[in-house]
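To start, the structure under review is shown below, and the notes come after it.
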2 protein chains.
Amino acid sequence: MFNTKTMDNKEKQNKEYQILIAAEQEFLTKGYDGARTTSIAKAAGVTHAMLHYYFRTKEQLFERIVDEKFATMSHSMFAIMGDPSLPIIERIKGGISAHFDFIAENPLLPRFIINEIVTRPEHYEVLYKRISLIIETIFHDLQFEVNRAAERGEMERVDVKMILISIMSMNIFTFLAYPFMEPLMGELMADRDKFLAARKAENIETIMKRIKKQ
Amino acid sequence: MFNTKTMDNKEKQNKEYQILIAAEQEFLTKGYDGARTTSIAKAAGVTHAMLHYYFRTKEQLFERIVDEKFATMSHSMFAIMGDPSLPIIERIKGGISAHFDFIAENPLLPRFIINEIVTRPEHYEVLYKRISLIIETIFHDLQFEVNRAAERGEMERVDVKMILISIMSMNIFTFLAYPFMEPLMGELMADRDKFLAARKAENIETIMKRIKKQ
DNA sequence: TTTTGCATTAACAAAATTATTAAACAACAT
DNA sequence: ATGTTGTTTAATAATTTTGTTAATGCAAAA
């Protein structure tokens, strides 16, 4: 969603903003190639000339959405970091949970980002640097804590990078592949919230068992 | 890849087959919307009128690729089942490894399937039934073995469905998000094979710890 | 009130993409 | 040789989608 704090009500109701909202939905669900500027304009309740008036080209409108979604992705990754004031085990537990919740609120984000990077490598440079920075921050801090805890015999001395990948894999895949899991889960899937709660618990349990001292 | 056993050399060199090969590559990397029939024709070394002569429409050509890729996905899922003659722990270990290797040989498959299902729900019905069948087979058999082993105290009594999701999550995400991991992994990523071997080992280790008796 | 600047509309142009057709060609059986 | 069948090419049609423009409105500043 777009920065609502710096937008007053008038702005929220104006056409430019409506176009952004509609574009976000269209690009997230259909990707750049599948998105249609006419369809965005229609959903926003404006003529498609208006769309071009405000954003010039489909490409420029898309860039606006990409920027915003990359920022959201950064936030989601920071969520894994957890609360540094907690003991390391609790901290990782909380990080997994927070990351899961973040993706749950942005379920279309992972597919969008993955597709963008794979099919439009020109975006890669900017994202690469952004991710590197995040990873440096999270990784060094966490690995330091993990090493200390391992020395105290509280947990295994694990490679935090590997653990981070496993956490992201399990959390993100839940939403990427949600449509496939219906036939797999049967009854449990009937209630989406129930299923997600069970998956979150399972992901936490899996990582906890991976890092706990045997 | 297309059934090469029933195709002699003459057929392999013919235009229809070349179009299929080119279409597979184009659709897998760019998706339906991003793919261009002219680009497929060019890559196949035929005029684009030839493409329409053989396959009538882009849609029909695409269906051919979808059918083939859905079949490949089925095979990948069966790989998780492992060798039923082995003890359950070894069997699951082998299943994870085989599944990982299968995806490694078809790294574009997961993104293609996920995008198809999300953006073209009309395919969902056929896939739903196909997955259901596979899952029934794999799940019942594995859960039965797991329950027996759990009674003998050899492992935890886990929900096999949850374990299957975790395995697929970690194996598939490795390839879905491969481009993102470069900044995360640094040196290790320099050698792709080394990284994949490390990831496979980590996925196996994670699941083993999850199911082993504490 | 005039001017200025942005917003809006409708019509249209341009480009890209998919699809068709008519005619030429080749292989081959009769 | 002739007719039949399927293949190939070049040209072009049709459609879809993106982008532009000129005219008009409208509200606030000068």
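Chain letters run A, B, ... following the sequence lines, proteins first and then strands; every chain starts at 1.
Nucleotides of DNA chain D lying under 4.0 Å from heavy atoms of chain A occupy a range whose first and last members, 5' to 3', are D:dT17 to D:dT20.
Counting only residues at least two apart or in different chains, salt bridge (Lys or Arg N to Asp or Glu O under 4.0 Å) contacts with residues 98-110 of chain A comprise A:Asp101-A:Lys200. For the ring-ring contact (aromatic ring centres under 6.0 Å, His included) condition, the pairs that include at least one residue of residues 31-50 of chain A, sequence neighbours left out, are A:Tyr32-A:Phe62, A:His48-A:His52. Contacts classified as side chain to side chain donor-acceptor pair (under 3.5 Å) and involving residues 34-46 of chain A (residues at least two apart or in different chains) are given here: A:Glu26-A:Ser39.
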For nucleotides 6-9 of chain C, give me every protein contact, N/O to N/O, under 3.5 Å, one pair per line with atom names.
unit_1	atom_1	unit_2	atom_2	d
C:dA7	OP2	A:Tyr53	OH	2.9
C:dT8	OP2	A:Tyr54	OH	3.0

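No cation-pi contact links B:Arg199 to B:Phe175, judged by a cut-off of 6.0 Å to the six-membered ring centre and 45° from its axis.
Shown here are the side-chain hydrogen bond (donor to acceptor under 3.5 Å, both in side chains) partners of B:Lys209, two or more places apart in sequence or in another chain: A:Glu156, B:Glu205. The side-chain hydrogen bond (donor to acceptor under 3.5 Å, both in side chains) test applied to A:Asp141 returns A:Arg91, not counting sequence neighbours. Residues passing the side-chain hydrogen bond (donor to acceptor under 3.5 Å, both in side chains) test with B:His123 are B:Glu63, sequence neighbours excluded. Qualifying side-chain contact (heavy atoms from CB on, under 4.5 Å) partners for B:Leu108, counting only residues two or more places apart in sequence or in other chains: B:Leu28, B:Thr29. Scanning for side-chain hydrogen bond (donor to acceptor under 3.5 Å, both in side chains) contacts around A:Glu145 gives an empty result, with sequence neighbours left out.
Protein atom CG of B:Leu61 is 11 Å distant from nucleotide atom P of C:dT18, rounded to whole Å. Atom-to-atom, NE2 of A:His52 to P of C:dA11 comes out at 17 Å; the value is rounded to the nearest Å. Atom CZ of B:Phe27 and atom C1' of C:dT18 are 12 Å apart (whole Å). We find that CZ of B:Phe55 is positioned 16 Å from C1' of C:dT18, with the value rounded to whole Å. Summarising the geometry, the separation between NZ on B:Lys58 and P on C:dA19 is reported as 8 Å, rounded to the nearest angstrom. The CD-C1' distance, from B:Gln60 to C:dT20, rounds to 14 Å in whole Å.
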For residues 112-120 of chain B, please give each side-chain donor-acceptor pair under 3.5 Å, one per line with the distance, not counting sequence neighbours.
unit_1	atom_1	unit_2	atom_2	d
B:Asn115	OD1	A:Arg111	NH1	2.9
B:Asn115	OD1	A:Asn115	ND2	2.9
B:Asn115	ND2	A:Asn115	OD1	2.9
B:Asn115	ND2	B:Arg111	O	3.2
B:Glu116	OE1	B:Arg120	NE	3.4
B:Thr119	OG1	B:Asn115	O	2.7
B:Arg120	NH2	B:Glu59	OE1	3.0
B:Arg120	NH2	B:Glu59	OE2	3.0

Check the pair A:Asn147 / A:Gln143 against side-chain hydrogen bond (donor to acceptor under 3.5 Å, both in side chains), numbers first and verdict last.
-> CA-CA 6 Å; A:Asn147 290 348; A:Gln143 187 71 64; 3.0 Å; yes

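Within residues 28-44 of chain B, the residues approached by DNA chain C to less than 4.0 Å at the level of any non-hydrogen atom are B:Ala35, B:Arg36, B:Thr37, B:Thr38, in residue-number order.
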